[in-house]
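Atoms considered below: every heavy atom in the structure, side chains included; atoms not considered: hydrogens, waters and symmetry mates. All of these numbers come straight from a predicted model, not from anything done at the bench.
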Amino acid sequence: MPKPFLLVKIMLFANLLSVSSFCYAEQSNTDKADALFTLINSGTVINNQTLNTYIERLEAIIAKDDTSRQLQLTRVRCWAFDPNEADQLSKALAFAQHALTKPDLADFPSHKLDLELCQAWFTEQNGDVELALKGYNKAVNDAYALEDLRLIADARSIRGYLNSYQGNFTQGLEDLITSQSLYQSLNLPAWVKFNLYEIATSYRRFGDQKNAIRYYKKLEHSYITDKDFDAAIAVTVSIAIAEEELGNLQTAKKLFEQGYLYWKANKQELQQARVAVNMAGTLIKLGDFKKVNQYLNEAEPFILPTDEAFYSFMHLFRAQTYLANGKLIQAHESLALARAAFKRVKNIRGLAELQLVESQIFLSQNNWQQAYRALNEYVKQHKELDLKRLSSYTTEMRTRFNVDQIEAENRHLIENQRLKEIEFAMLEQNKIQQGIIIFLGSFLIIIISFFAYKQSQKNKLLSELALTDHLTQLPNRRYIYTKAQRCFEEAKKTQTPLSVIIFDADHFKLINDNFGHEVGDHALVLLADTCREILSSEYPTARVGGEEFLIILPETDKAQAYKIAQNLIKTVCEANFCKFPRGFALTISAGVAGLSTTDDKLSLLLKKADDALYQAKSNGRNQVKMS
C-alpha cells in the first residue's frame, strides 16, 4: 500500500552573526531573523500560511547586503512550495534552478547544497525518480565532504525513504538509521520522530510488521501527548496498513475508518482521499467491491498523476474492481495507468502485485499464454523482493552490532562541527577586536599579529607535513620509525612483547596500469581507513612508502599479531568496492615478526617481518606469513 502522507521537508541552518557591534538596531533584526530560522529549522510542523508569514517577516528584517541570511531565506522559499497544489511543482523547480545560478553561492557551499537537495526532492515529486536519486547521492557525498551534520542527516533521510519505497530496503535502512542517530545527536526531536516513522515504514515494507507496529504505536502515543493530532492520525493509518498486511483485515478497516473520518471532519480532502485509497485495498480483500467503488470514486478527483504513490494503487485497485465485475477491458486500461506510475517511481512491490492481477484478468479472458507470462513475471519480481528483504535483515543485524561504530563516527562529525562553531565565534570576536584596534589606531600591532599568525600557521603546516602522509593522513615513514625505535627500546627494557606487521597491496602496479593512478590512490586510502577501523589507537600505523604499510604492536606477542594481520587481510579482501570501477579487486599480503632476545636492533626485527612478507608474496599473495 502507498505511504499515507508526505511531509514537505523544510531543512535550514541558522548562521552566526556577522554585523558591526556599533549597529544595535541591525543587531536586533539579525537576532530576530536567526530566531525565526531556528524555529523553522527545528522541524515543528507548520502550515504554509504560517510559513509564508515567517518569510514575509524575514524579508522585512534581513538587510539586502547580508548575503548569508539572504541565501538562507532563499532556501526557506525553495522548501516552502507545496507539491500538492496545482503548478507548485513546476514553480518550485524553476525557482531552484534560478536560485542555483546566484554567484554568491560559491562562497556558501552549504546553502548551495541545500538548494540542490531541494531541487532533487521536487524532481522526485515531479516523477523523475532516477534524476532525483542521482541528486540525492551527490548531496550525501557533498554533505560528508562539508562535514555538515544537518545536511548529512537530511540527505540520507530523504534518500532512505525513496530507496525503501522502491524496495531497496538495505540502502534505505542504512540511510534512515544513520539519519536517526544524527538527528538525536543534533537534538532535533521533531525530525527524530519523522525519521523514526520512516524506519518503521521500512520495517513494514520488508515484512517485519510487528516491529513496525511497535514503532508506530510509540510514535502515535508521542504525537497524542504533544497534541499533534494530524501526525497521530497519519501514524494510525500506517498501523492500519501494517495490520492489513498481517491479515487483520477488520482491525485495519476500523483504523482506516478512524483516519478517514478524522480528515473528513477537518475538511482535508486530499488526506481523506489518500485514506480512501488505502481503505479500498482492505475492502477488496474483504470482498466488499460496492464500497470499494464508492471510496475510489471519492478519491479520484483529488489523486493526481503526480501523486504516484496513491495514483498507482488507486488504479490497481480500480482494475481489481473491474475484474470482479467482469469488465476486463476497463481492467486492462486501469492496469496500464497503474503500471506507468509504478515504473516512474520504480516500485517493484507495486509492479509485483500488478502482475498477479494481470494474470487473473488474462485467465478470465481464457488467454492462457498471457496469463502464464504475467504470473511468471510476478514470480520473478517476488524473488527479487525476497532477496532484498533478506539483504535488509542482514543489514539490520549488522547495524545492531555496529551501533558503537556509528555513534563514534557521528561523535567525530559533531566534534568537528563544534570546533568549527568555536572557530566562527572566535572570528566574530576578532572582528570586534579589530574594530577596537582600528579605533585606537594600533596599526602596527595588527601587522605584527598578522605576521605572527601566518608564521604560526606555516610552522604548524610544516610540522604536519613532516610527519603525515598527505594522501592517507596516516603517519609517514619518519614518524613511525621514530615511534618504533621508542617502542623497541621500551620492550627491551621492560622485557615485554613487541610485534610488527608489514603489509602491502598485491599487484598494485596492475591497479595503476589498468585503472589509473587516481583509483590507485583511492585504494591506498581504503587500506588506511581499514587500518583505522580494525586497529585501536595504541597500535601506530603508517604508510612507509608506495603501497607498503607498517604497524607497531606494543605489548603484543607474535601469535596475537598474526591474528590481527589475518583479520586485516580478510577485511580488505571482503571490502565493498562498489565505488570503484567494474572489475576492481584488492588484496594484501602481510609479514609478521615478534621481538626475540637476539634482536639487538630495530632493523633486525623489521627485516624479519619484511622476509615474512616476501614469503607471503612468493606463496601466492592474499595471505600472512610469520617469521
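- For D226 (side chain) and D228 (main-chain N/O), no donor-acceptor pair under 3.5 Å exists by modelled atom type.
- Judged by distance alone, with hydrogens and angles left aside, the side-chain atoms of S90 form a donor-acceptor pair with the main-chain N or O of D87 at under 3.5 Å.
- Side-chain contact between L51 and V76 is present, with at least one heavy-atom pair separated by less than 4.5 Å.
- Counting only heavy atoms from C-beta outward, the side chains of N163 and L133 approach each other to under 4.5 Å.
- In this structure A120 satisfies the side-chain contact (heavy atoms from CB on, under 4.5 Å) test together with Y136, sequence neighbours excluded.
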* List the steps, then state whether side-chain contact (heavy atoms from CB on, under 4.5 Å) holds for R274 with L270. => CA-CA 6 Å; R274 288 173 171 175; L270 177 60; 3.8 Å; yes
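- Counting only distance, with no hydrogens or angles, the side chain of N126 and the backbone of L89 share no donor-acceptor pair below 3.5 Å.
- Partners of Q473 by side-chain hydrogen bond (donor to acceptor under 3.5 Å, both in side chains), not counting sequence neighbours: none found.
- Checking Q88 against D82 by side-chain atom types alone, no donor-acceptor pair falls below 3.5 Å.
- When every heavy atom of L117 is checked against every heavy atom of A139, the shortest pair comes out as CD1-CB, 3.9 Å.
- You'll find the side chain of F95 stays beyond 4.5 Å of the side chain of K91, heavy atoms only.
- Residues that satisfy the side-chain contact (heavy atoms from CB on, under 4.5 Å) test with K483, not counting sequence neighbours, are Y479, R486, C487, P540.
- Ring to ring, F584 and F515 are close: their centroids are under 6.0 angstrom apart.
- The side-chain heavy atoms of R543 and L524, taken from C-beta on, include a pair separated by under 4.5 Å.
- Q180 places a side-chain N or O within 3.5 Å of a backbone atom of V192 that can act as its donor or acceptor partner.
- When the side-chain hydrogen bond (donor to acceptor under 3.5 Å, both in side chains) test is applied to S222, the partners found at least two apart in sequence or on another chain are K193.
- Side-chain contact between L182 and I152 is present, with heavy atoms from C-beta onward closer than 4.5 Å.
- Atoms NZ and CG, from K112 and D114 in turn, are 13.5 Å apart once rounded to the nearest 0.5 Å.
- Counting only distance, with no hydrogens or angles, the side chain of S185 and the backbone of S181 share a donor-acceptor pair below 3.5 Å.
- Using a cut-off of 4.0 Å between Lys/Arg side-chain N and Asp/Glu carboxylate O, R77 and E59 are scored as salt-bridged.
- Across D104 and F108, no two heavy atoms sit closer than the pair O-CD1, 3.2 Å.
- Although no hydrogens or angles enter the test, the distance criterion places a donor-acceptor pair under 3.5 Å between the side chain of T123 and the main chain of Q119.
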* **Worked verdict on R156 versus Y161 for side-chain hydrogen bond (donor to acceptor under 3.5 Å, both in side chains)** => CA-CA 9 Å; R156 294 201 72 167; Y161 161 70; over 6 Å; no
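- Closest approach of L568 and C531 over heavy atoms only: CD1-SG, 4.2 Å.
- Considering all non-hydrogen atoms of both residues, L553 and Y539 come closest at CA-CD2, 3.7 Å.
- In this structure, E198 CD and I177 CD1 are separated by 13.0 Å, a value rounded to the nearest 0.5 Å.
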* Asked: Checking side-chain hydrogen bond (donor to acceptor under 3.5 Å, both in side chains) for the pair Y216/T201: CA distance, chi angles, key distance, verdict?
  -> CA-CA 8 Å; Y216 282 141; T201 301; 2.7 Å; yes
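- E220 contributes no side-chain N or O that, together with a main-chain N or O of I233, makes up a donor-acceptor pair within less than 3.5 Å.
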* Take Y183 and R150 through the side-chain contact (heavy atoms from CB on, under 4.5 Å) test and state the conclusion after the steps. => CA-CA 8 Å; Y183 284 137; R150 181 58 195 275; 3.7 Å; yes
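- Sorted by first and then second residue, the pairs that involve residues 157-167 and meet salt bridge (charged side-chain N to carboxylate O under 4.0 Å, His left out), not counting sequence neighbours, are R159-D175.
- Two residues are said to be in side-chain contact when any heavy atoms from C-beta on lie closer than 4.5 Å; D148 and L113 fail this criterion.
- Using a 4.5 Å heavy-atom threshold, the side chains of I588 and E547 count as separate.
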* Assess whether side-chain contact (heavy atoms from CB on, under 4.5 Å) is satisfied between F81 and F122, documenting all intermediate values. => CA-CA 9 Å; F81 288 94; F122 279 107; 3.7 Å; yes
* To do: In sequence, state the C-alpha distance, the side-chain angles, and the governing distance for D529 and V525, and then conclude on side-chain contact (heavy atoms from CB on, under 4.5 Å).
  => CA-CA 6 Å; D529 290 342; V525 172; 3.7 Å; yes
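- Of the charged side-chain nitrogens involved, none lies within less than 4.0 Å of a carboxylate oxygen, so that D128 and R344 do not count as a salt-bridged pair.
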Listing, residues 570-581 side-chain donor-acceptor contacts under 3.5 Å, not counting sequence neighbours, or none:
| unit_1 | atom_1 | unit_2 | atom_2 | d |
| --- | --- | --- | --- | --- |
| K570 | NZ | E574 | OE1 | 3.0 |
| K570 | NZ | E574 | OE2 | 3.4 |
| T571 | OG1 | N567 | O | 2.7 |
| T571 | OG1 | N567 | OD1 | 3.4 |
| N576 | OD1 | C578 | N | 3.0 |

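- With values rounded to the nearest 0.5 angstrom, L115 atom CG is found 11.0 Å from S110 atom OG.
- One N or O on the side chain of T472 and one on the backbone of L474 form a donor-acceptor pair closer than 3.5 Å.
- When all heavy atoms are compared, the tightest approach of A99 to T74 is CB-CG2, 3.6 Å.
- Side-chain atoms of T468 and P475, non-hydrogen and from C-beta on, never get closer than 4.5 Å to each other.
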* List the steps and the verdict of side-chain hydrogen bond (donor to acceptor under 3.5 Å, both in side chains) for S164 and S202. => CA-CA 6 Å; S164 172; S202 290; 2.9 Å; yes
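- Aromatic rings from Y197 and Y215 are positioned such that their centres are separated by 6.0 Å or more.
- With rounding to the nearest 0.5 Å, the separation of CG in L176 from CD1 in I158 is 11.0 Å.
- Contact between I55 and A80 at its shortest, heavy atoms only, is CD1-CB, 3.9 Å.
- Classified by interplanar angle (parallel below 30°, tilted 30° to 60°, perpendicular above 60°), the ring pair W79/W121 is tilted.
- By the 4.0 Å N-to-carboxylate-O rule, D142 lies close enough to K138 to be salt-bridged with it.
- Here the straight-line distance linking atom OG1 of T541 with atom CG of L535 works out to 4.5 Å at 0.5 Å rounding.
- Between T67 atom OG1 and I62 atom CD1 the span is 11.0 Å, to the nearest 0.5 Å.
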